> 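One structure coming up, written as structure tokens, with questions to follow.
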Number of protein chains: 2
Amino acid sequence: MSEICNLADKLKAAGHKLTWPRQAVIEVLENHTDHLSHNQILEEGQKIYPKLSRATVYRTMELLCQLNLVRPLYLTDATQRFISATGGHHHLICSRCGTIIEFDHCTAEHLTQQLAEQYGYLIQSHLLEFQGLCPDCQ
Amino acid sequence: MSEICNLADKLKAAGHKLTWPRQAVIEVLENHTDHLSHNQILEEGQKIYPKLSRATVYRTMELLCQLNLVRPLYLTDATQRFISATGGHHHLICSRCGTIIEFDHCTAEHLTQQLAEQYGYLIQSHLLEFQGLCPDCQ
DNA sequence: GTACGTGCAAAGGTTTTGCATGGCG
DNA sequence: CGCCATGCAAAACCTTTGCACGTAC
């Protein structure tokens with residue numbers, strides 16, 4: 001997960017215990033790409049710490065969200081996924097086959113400042129999603 | 001739902017029967033704001049047609065999605081919600097209290113064309129979501 | 001009249017919770 | 001050593017499915 005680092009340190013700094021199950025979850029987050037779901041985190045985490053339970057994954061991710069270290073994201077299905085809590089995420093999604101292209105160029109930076117001023121928000125991240133049909137599905 | 005009109009006609013045009021339960025769902029969609037969930041549609045629909053069942057709401061919304069009349073959307077929770085299938089949707093969301101502001105100004109139009117050319121997608125809608133803290137929650 | 005749509009109820013899947021045990025600090 | 005975190009299992013919740021009946025066309 002691109003911009004995630006030192007999750008372990010931040011957890012301890014916030015006064016939480018650094019246990020083996022939590023280390024496993026953190027290692028998964030740091031070594032994999034974005035958009036991981038609870039299921040994926042569980043599966044990968046059990047390769048590191050086989051006793052890792054589903055409930056612990058849910059509780060750990062909830063904790064990381066509360067600490068603002070990760071953020072939930074929903075793509076084209078109802079599965080909760082997680083991304084780093086800062087920066088932008090840009091998706092071009094085919095509404096038929098579900099293919100997701102991540103693009104870099106984004107025009108949201110200017111708008112971020114503008115909205116921050118207009119509404120007094122402290123903006124931490126943004127998501128720009130285009131939906132349509134990919135060449136194959138048209 | 002702002003850009004939705006004549007759902008009934010479009011349903012019939014596509015060869016589907018216009019039943020009372022479906023009319024109730026359509027009336028709810030046309031007379032309420034965006035972002036309705038299955039639950040909200042069921043509750044409102046039952047005010048119009050009391051026997052309306054949850055299963056029918058799910059099936060009707062799935063049908064409307066297949067016909068490209070509405071589109072599923074996920075905001076800050078795992079609840080599936082629905083918006084009109086075209087145009088843009090712009091949200092400024094507080095990650096703590098969940099307040100959603102909808103803003104109008106959007107810089108995505110230019111990017112739409114650019115992405116369409118670059119990747120060959122036929123782009124139907126977009127979603128631009130900023131997440132942060134509202135003035136009260138900072 | 002026929003095929004499609006519906007309501008009900010059961011099944012399936014996912015997320016949350018309660019509780020006794022275990023391990024971090 | 002005390003408290004927090006964990007695993008397990010049950011509960012709660014949401015969504016899907018099967019089936020007999022009803023209704024739009």
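Everything numeric in this text was worked out from a predicted model, so none of it was measured. The sequence lines fix the lettering, A, B, ..., with proteins before strands; numbering per chain opens at 1.
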> Roughly how many Å is it from NZ in B/Lys12 to P in C/dG5, rounded to a whole number?
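Answer to the nearest Å: 13 Å.
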> For nucleotides 12-20 of chain D, read 5' to 3', which letter fits each nucleotide if B means a protein heavy atom sits under 4.0 Å from the base, S means only the sugar-phosphate is that close, and - means neither?
---BBBB--
> Which of residues 16-24 of chain B sit near DNA chain C, with a heavy atom under 4.0 Å from it?
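Here the set is B/His16, B/Lys17, B/Thr19, B/Pro21, B/Arg22.
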> Would you say A/Ser53 reaches D/dC8's phosphate, i.e. side-chain N/O to OP1/OP2 under 4.0 Å?
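It does not, given that no N or O in the side chain of A/Ser53 lies less than 4.0 Å from OP1 or OP2 of D/dC8.
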> Are the charged groups of B/Glu62 and B/Arg59 less than 4.0 angstrom apart, N to O?
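No, no charged N to carboxylate O under 4.0 Å.
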> Which label fits A/His126 and B/Phe130: parallel for a plane angle under 30°, tilted from 30 to 60°, or perpendicular past 60°?
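Tilted, since the angle between the ring planes falls between 30° and 60°.
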> Starting at CD of B/Gln80, measure out to OH of B/Tyr74 and round the result to the nearest 0.5 Å.
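Here the interatomic distance stands at 3.5 Å.
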> Please report whether the ring centroid of B/His38 lies less than 6.0 Å from that of B/Phe82.
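B/Phe82 vs B/His38: aromatic centres under 6.0 Å.
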> Between A/Leu63 (CG) and D/dC4 (P), how many Å, whole number?
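These atoms are roughly 13 Å apart.
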> Assign the ring pair A/Tyr121 / A/Tyr119 to parallel, tilted or perpendicular, where the plane angle (0 to 90°) is split at 30° and 60°.
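Aromatic pair A/Tyr121/A/Tyr119 classed perpendicular.
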> Rounding to an integer number of Å, can you tell me how far B/Gln66 CD sits from C/dC4 C1'?
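My rounded result for the distance is 14 Å.
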> Under 4.5 Å between side-chain heavy atoms, counting indirect links through other Ile/Leu/Val/Met/Phe/Trp/Tyr residues: same cluster for B/Ile101 and A/Ile123 or not?
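Yes, B/Ile101 and A/Ile123 fall within the same hydrophobic cluster.
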> Here's a test of your reading of the structure: between B/Lys51 and A/Gly15, which maps to the more 5' nucleotide of DNA chain D?
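The answer here is A/Gly15.
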> Any non-hydrogen side-chain atom of A/Arg81 less than 4.5 Å from a side-chain atom of A/His35?
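Yes - at least one pair of side-chain heavy atoms lies under 4.5 Å apart.
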> Among B/Leu67, B/Val25, B/Leu29, B/Leu18, which one satisfies side chain to side chain contact (heavy atoms under 4.5 Å, CB included) with B/Leu7?
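In the set B/Leu67, B/Val25, B/Leu29, B/Leu18, the residue that makes a side chain to side chain contact (heavy atoms under 4.5 Å, CB included) with B/Leu7 is B/Leu29.
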> Quickly work out the A/Met61 CE to C/dT16 P distance and round it to whole Å.
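It is 12 Å, rounded to the nearest whole Å.
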> Whole-Å distance between C/dC8 C1' and B/Leu52 CG?
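Whole-Å distance recorded here is 13 Å.
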